[in-house]
Amino acid sequence: MKWMILSALLPVMALANTISTTSVPVELNLATGTEPVCYFENKRYSKGAVIEMGGHWFVCEREKSFEQNGRLSWHPFAPQERSQQN
């Protein structure tokens, strides 16, 4: 008799411990590749890109000069340097 009561209550007890949550979908954009990029205003920029921010020029370059395939970051840049490099 005890086994019958216990077996009848077991599914009810299992439902009592169920927690359901709603989640916001997360978008993973894995198809973009693994090349390093710089970001500005939700846009991707490749190495060598030059932009103006707050009246100053910046270039997207290696974060650390000794790395060949590391992260990129924005570095101060003077536009006249660009014409001399070409």
Side-chain angles (χ1 to χ4, degrees):
M1 182 73 167
K2 288 182 183 180
W3 292 105
M4 289 175 51
I5 295 172
L6 183 59
S7 63
L9 290 177
L10 192 57
V12 175
M13 292 170 47
L15 289 175
N17 291 331
T18 302
I19 299 173
S20 64
T21 60
T22 58
S23 62
V24 177
V26 175
E27 181 180 332
L28 296 177
N29 193 356
L30 300 176
T32 60
T34 58
E35 72 280 351
V37 294
C38 293
Y39 287 94
F40 179 68
E41 293 182 343
N42 295 325
K43 294 179 186 171
R44 297 165 41 101
Y45 293 88
S46 61
K47 182 179 175 185
V50 177
I51 62 170
E52 184 181 4
M53 289 187 272
H56 300 284
W57 291 92
F58 292 87
V59 62
C60 179
E61 286 291 335
R62 292 180 290 181
E63 191 170 89
K64 297 183 174 124
S65 61
F66 59 86
E67 291 182 334
Q68 294 300 314
N69 196 20
R71 293 175 17 161
L72 300 178
S73 63
W74 294 110
H75 297 273
F77 179 76
Q80 62 271 17
E81 290 177 13
R82 185 175 189 195
S83 61
Q84 292 174 358
Q85 289 176 353
N86 292 333

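Every value quoted in this text rests on a predicted model; they were computed, and no experiment measured them.
Phe66 forms part of no hydrophobic cluster, judged by ILVMFWY side-chain heavy-atom separations under 4.5 Å.
Considering only residues two or more places apart in sequence or on other chains, Arg71 meets the salt bridge (charged side-chain N to carboxylate O under 4.0 Å, His left out) condition with Glu63. With sequence neighbours excluded, no residue forms a ring pair (Phe, Tyr, Trp, His ring centres under 6.0 Å) with Trp57. Taking Phe58 as the reference, nothing meets the ring pair (Phe, Tyr, Trp, His ring centres under 6.0 Å) condition, with sequence neighbours excluded. Every residue two or more places apart in sequence or in another chain that forms a side-chain hydrogen bond (donor to acceptor under 3.5 Å, both in side chains) with His75 is listed here: Ser73. Listed by chain and residue number, nothing satisfies the salt bridge (charged side-chain N to carboxylate O under 4.0 Å, His left out) test with Glu61 (two or more places apart in sequence, or in another chain). Every side chain to side chain contact (heavy atoms under 4.5 Å, CB included) that Tyr39 has, sequence neighbours left out, goes to Val37, Arg44.
Checked against Trp74 for a side-chain contact (heavy atoms from CB on, under 4.5 Å), the options Val50, Ile51, Val59 give a single hit: Ile51.
The disulfide (SG to SG under 2.5 Å) analysis of residues 38-69, with sequence neighbours excluded, yields the pairs Cys38-Cys60. Applying the salt bridge (charged side-chain N to carboxylate O under 4.0 Å, His left out) definition to pairs two or more places apart or across chains, none involves residues 45-60.
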